[in-house]
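Below is one structure, written out as structure tokens, with a few remarks after it.
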Amino acid sequence: MGIDFGDLFEKKEIDLSDLRGKVIAIDAYNILYQFLSIIRQRDGTPLIDSHGEITSHLSGFLYRTTNLIEAGIRPVFVFDGEPPEFKNSTLNERKKIRVEAMVRWEEAKEKGDEAAFKYAQASSQIKGNMIEDAKKLLVLMGLPVIQAPSEGEAQAAFMVRNNDAYAAGSQDYDALLFGAPVIVRNLAVTGKRKLPGMGVYVDIKPQIIELESGLTGLGITREQLVDIALLIGTDYNAGIKGIGPKKALKLIKKHGYIEQALDELGEDIKNLAELKELFLNPAVTSDYELKWKKPDASGIIEFLCIQHDFSEARVSKATERLIEASKDGQQTLDRWF
DNA sequence: CTTATTCA
DNA sequence: TGAATAAGG
């Protein structure tokens, strides 16, 4: 998923309260996929309503978003449009992995194997009404939902550059390549997370990465950062075997341009110019409106409890918190409602 | 993941 | 109370 810059960028740990009053353009696919992958039972089965529809993502969106708003954050959710053509091979590869994982999951479930969960996670697929349902819930919650023409991270980055948002929210680093001045990771409220393997709990705090100071620290330009990414490999190209973040940085600093670096390596990247363009000049739109509305409490209850079998007690509680928090926002933030 | 419940 | 565990749909 996305580009792995390793430790190239300095990550600044922050408190959630540091984001109070700030607009965050959240990559909705990124978070939806996380919810889908993580919100599962012990054997890996996701939350499912009585019609057999998966509801893990709806649970995640309801509770986490309510928490963010309660923390004074103003989230905007940006949904992907058409993927760029160069992404096709990556998407096909992911599909293969998913199908394989699905088989492994069934086997593990049969045997009562604990590994079932991780296979289930790897089999996660966004499909059916998940996107529409997520959008519907977010709209009912009164939040702006933005439709990107292509990649959501690119649109989020554009909105930050436009000063319509403070940061792009995603676990991936791609928004940096798309030119987002600031990205936020670990945008959740519950700080404790179990470390894979042992039952050790670690405090996970939100962190920000600033593009400009990061580039200055590395002594490179954004164009060169894109060159580094293309050497390592992105969602749109495979990258060069044996080249990770450190070697890529060294090569680009030595040569200045990816073309010369590739010459030294005796390698070639197909469609190099188009790939650069994809990051440096991505498809985005200015046709969006950031407007926060009063949450539609009865609409949320109808949608989640009547249509998707959520517990009314839980949903009502969350909805009340949401409405209360939205009122606070209205007093202090002119753009609320 | 987040919330609810249990238990020292 | 706060940490560990179960449940959520």
Hey, what are the protein-to-nucleotides 4-6 of chain B N/O distances that come in under 3.5 Å?
from  : atom 1 : to       : atom 2 : distance (Å)
B:dA4 : O4'    : A:Arg314 : NH2    : 3.3

Quiz item: Is it true that A:Glu320 and A:Lys317 make a salt bridge, defined as a side-chain N closer than 4.0 Å to a carboxylate O?
Solution: no
Exercise. Quick one: label A:Phe35 by what it contacts on the DNA or RNA (base, sugar-phosphate, nothing), any heavy atom closer than 4.0 Å.
Key: nothing
Quiz item: Is the shortest side-chain N/O distance from A:Asn67 to OP1 or OP2 of B:dT3 below 4.0 Å?
Solution: yes
Quiz prompt | A:Leu58 vs A:Leu62 side-chain heavy atoms within contact, under 4.5 Å | solution = no
Quiz item: Contacts to DNA chain B from residues 37-50 of chain A, heavy-atom cutoff under 4.0 Å, which residues?
Solution: A:Ile38, A:Ile39
Exercise. Please name all residues satisfying side-chain contact (heavy atoms from CB on, under 4.5 Å) with A:Ser311, sequence neighbours left out, ordered by chain then number.
Key: A:Ala313, A:Arg314
Practice problem: Write down the distance between CZ (A:Phe310) and C1' (C:dA7), rounded to a whole number of angstrom. | Solution: 13 Å
Self-check item: Non-neighbouring partners of A:Thr65 that pass side-chain contact (heavy atoms from CB on, under 4.5 Å), sequence neighbours left out
Solution: A:Phe61, A:Ile69, A:Pro75, A:Phe77, A:Leu138, A:Met141, A:Leu143
Quiz item: Do the non-hydrogen side-chain atoms of A:Ile26 and A:Leu187 ever get within less than 4.5 Å of each other?
Solution: yes
Quiz item: Excluding sequence neighbours, so at least two apart, what forms side-chain contact (heavy atoms from CB on, under 4.5 Å) with A:Thr216?
Solution: none
Distance-only criterion, 3.5 Å: show the donor-acceptor pairs between side-chain atoms of residues 227-241 of chain A and protein atoms not counting sequence neighbours.
from     : atom 1 : to       : atom 2 : distance (Å)
A:Asp227 : OD2    : A:Ile258 : N      : 3.3
A:Thr234 : OG1    : A:Tyr236 : N      : 2.9
A:Thr234 : OG1    : A:Asn237 : N      : 3.2
A:Thr234 : OG1    : A:Asn237 : OD1    : 2.7
A:Asp235 : OD1    : A:Gly2   : N      : 3.1
A:Asp235 : OD1    : A:Arg94  : NH2    : 3.1
A:Asp235 : OD2    : A:Arg94  : NH2    : 3.4
A:Tyr236 : OH     : A:Glu151 : OE2    : 2.4
A:Asn237 : OD1    : A:Thr234 : N      : 3.2
A:Asn237 : ND2    : A:Leu230 : O      : 2.8

Practice problem: Could you tell me whether A:Lys22 and A:Asp18 make a salt bridge, using a distance below 4.0 angstrom between a side-chain N and a carboxylate O? | Solution: no
